[in-house]
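Below is one structure; the comments refer to it alone.
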Amino acid sequence: MKDMYTEKVLDHFRNPRNIGEIKDADGIGTVGNPVCGDVMTIYIKVKNDIIEDIKFKTYGCAAAIASSSIATELVKGKTLDEALKLTRNDVAEELGGLPAYKMHCSNLAADAICKAIKDYKKKKNK
Ligand code: FES
């Protein structure tokens, strides 16, 4: 476990991918981080069980922004089942590691994606 941010974390923090909002999203998931109070929302567009588009908005620290950015890249184009398997460790690993005290920040992304998928499924079954 590293004490400092990797170059990849800094890159995704400075140039976040898929940032923003999808107005006609098929699923939306918002989660708050109990450790620090930060909040993240994920928007997804789904077609044939595949995440066609994904965007995020985060009120959070650098690690939360970088985690959201990389997590959206990891699940874009994946099936819903594949996306549901994303864990905070996958996110942290893809970023080249996060400082131990920042691991909780990577929870937000995986949790918000999971919530957005559940929201989509709930709406679809109505
Ligand atoms: Fe809140 Fe990182 S300190 S998400």
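Nothing fancy with the numbering, it's 1 onward along the sequence. One-based numbering, in listed order, for ligands and for the atoms of each.
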Within the distance-only criterion (no hydrogens, no angle test), does the side chain of [X] pair as donor or acceptor with the backbone N or O of [Y] below 3.5 angstrom?
X: Lys8; Y: Ala66; value: no
X: Arg17; Y: Asn15; value: yes
X: Lys115; Y: Thr30; value: yes
X: Asn48; Y: Ile50; value: no
X: Ser69; Y: Ile65; value: no

* Asked: Which atoms of the protein, restricted to N, O or S, are nearer than 2.8 Å to atom 1 (Fe) of ligand 1?
  -> Cys36 SG, Asp38 OD2

* Asked: Mind checking whether Met40 has a heavy atom under 4.0 Å from ligand 1?
  -> no

* State plainly whether the residues Asp119 and Lys123 are in salt-bridge range, i.e. N to O under 4.0 Å. => yes

* Asp111 and Arg88 ion-paired at < 4.0 Å -> no

* To do: Report, in ascending order of atom number, the atoms of ligand 1 lying under 4.0 Å from any heavy atom of Lys102.
  => 2 (Fe), 3 (S)

